[in-house]
Amino acid sequence: MSVKDCVFCKIVTGQIPVTKVFEDDVVLAFLDIGPISDGHTLVVPKQHFEKLHDCDAGLLSQVGSRLGKIAGAVAAGMSCDGYNVLCNNGRAAGQLVEHLHFHIIPRNLGDGIFERWPAYKYKQGLIETIAAKIRKKF
Ligand code: 5GP
Ligand code: ZN
């Protein structure tokens with residue numbers, strides 16, 4: 001997707017109106033138009049990157065430092081019991097908008113929003129094989 005067609009780039013440049021909760025030179029944070037809980041917030045770097053690993057490391061650390069501050073304000077403002085921070089990368093992972101973004105989702109005990117994910121156990125020896133595949137990509 002080109003920057004020209006990107007919904008979040010249009011939001012950053014003010015072509016699409018949003019309800020902002022925080023803005024500085026690095027990030028924009030605004031309320032998701034399709035929330036799964038009240039206060040569901042999206043944090044986007046102002047610069048266009050598609051996925052987490054596309055983002056320049058220096059910029060990512062600047063985004064990360066703001067993410068904690070914004071999450072704290074969302075949690076305090078919503079008086080929630082907890083929150084999830086979610087970053088979908090790729091269509092298979094549920095990424096619909098191809099501009100890096102972090103969801104901050106306020107949670108309350110018993111809200112039933114996410115059930116536990118379908119965890120399983122590795123077959124014997126597989127955990128080391130898989131770790132080796134990942135380690136050699138650094
Ligand atoms: P993804 O599935 O890509 O991680 O999530 C994209 C999110 O962006 C969705 O939760 C969707 O509701 C939100 N979204 C998409 N377009 C707009 C928009 O124009 N304004 C706002 N505020 N949120 C949007
Ligand atoms: Zn973009």
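All of these numbers come straight from a predicted model, not from anything done at the bench.
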* Asked: Quick one: does R91's side chain get under 4.5 Å of Q95's, heavy atoms only?
  -> no

* First locate atom CG of L31, then atom CG of L42, and finally report the distance between them rounded to the nearest 0.5 Å. => 8.5 Å

* Asked: Picking from H48, K51, E50, what satisfies side chain to side chain donor-acceptor pair (under 3.5 Å) with H99?
  -> H48

* Asked: Does L52 belong to the same Ile/Leu/Val/Met/Phe/Trp/Tyr cluster as I70, with side-chain heavy atoms less than 4.5 Å apart forming each link?
  -> yes

* Structure fact -> Separation between CG (L100) and CG (D54), nearest 0.5 Å, reads 8.0 Å

* Is the closest basic N to carboxylate O distance between K133 and E128 below 4.0 Å? -> no

* To do: May I ask you to test the D38-M78 pair for a side-chain heavy-atom distance under 4.5 Å?
  => yes

* Output yes when a side-chain donor or acceptor of N108 lies under 3.5 Å from a complementary backbone atom of D111, and no otherwise. => no

* Asked: Are the ring centres of F49 and F8 closer than 6.0 Å?
  -> no

* To do: Kindly give the heavy-atom pair with the smallest separation between Q62 and S65, and that separation in Å.
  => O-OG, 2.9 Å

* **Where A29 and V43 come nearest, the two heavy atoms and their spacing** => CB-CG2, 4.1 Å

* Measure the shortest side-chain to side-chain distance between F30 and T41 over non-hydrogen atoms and say whether it is less than 4.5 angstrom. => no

* To do: Provide the closest heavy-atom pair for P106 versus C80 in the form atom of the first, atom of the second, distance.
  => CB-SG, 3.8 Å

* To do: For the pair T129 (side chain) and G125 (backbone), establish whether a donor and an acceptor sit closer than 3.5 Å, ignoring hydrogens and angles.
  => yes

* Identify whether V12 and V18 are in the same connected component of the hydrophobic contact network (ILVMFWY, side-chain heavy atoms under 4.5 Å). => yes

* **Heavy-atom side-chain contact between D32 and H103 under 4.5 Å** => yes

* Asked: Under a 4.5 Å cut-off applied to non-hydrogen side-chain atoms, are V27 and K46 in contact?
  -> no

* I134 with I127, same ILVMFWY side-chain cluster at under 4.5 Å -> yes

* To do: Indicate yes or no: at least one non-hydrogen side-chain atom of V26 is less than 4.5 angstrom from one of R66.
  => yes

* Asked: CG of L96 to CG of N88: how many Å apart, nearest 0.5 Å?
  -> 8.0 Å

* Asked: Say you draw a straight line from CD1 of I130 to CG of L126; how long is it, rounded to the nearest 0.5 Å?
  -> 3.5 Å

* Structure fact -> Interatomic distance, NE2@H40 vs CG@L86, rounded to 0.5 Å, equals 7.5 Å

* To do: Report whether I36 and Y83 are members of the same hydrophobic cluster (ILVMFWY, side-chain heavy atoms less than 4.5 Å apart, transitive linking).
  => no

* From E98 atom CD to C9 atom SG, the distance as rounded to the nearest 0.5 Å -> 11.5 Å

* Asked: Is there a side-chain contact between I104 and L67, using heavy atoms and a 4.5 Å cut-off?
  -> yes

* Side chain proximity check, F22 to V74, heavy atoms < 4.5 angstrom -> no

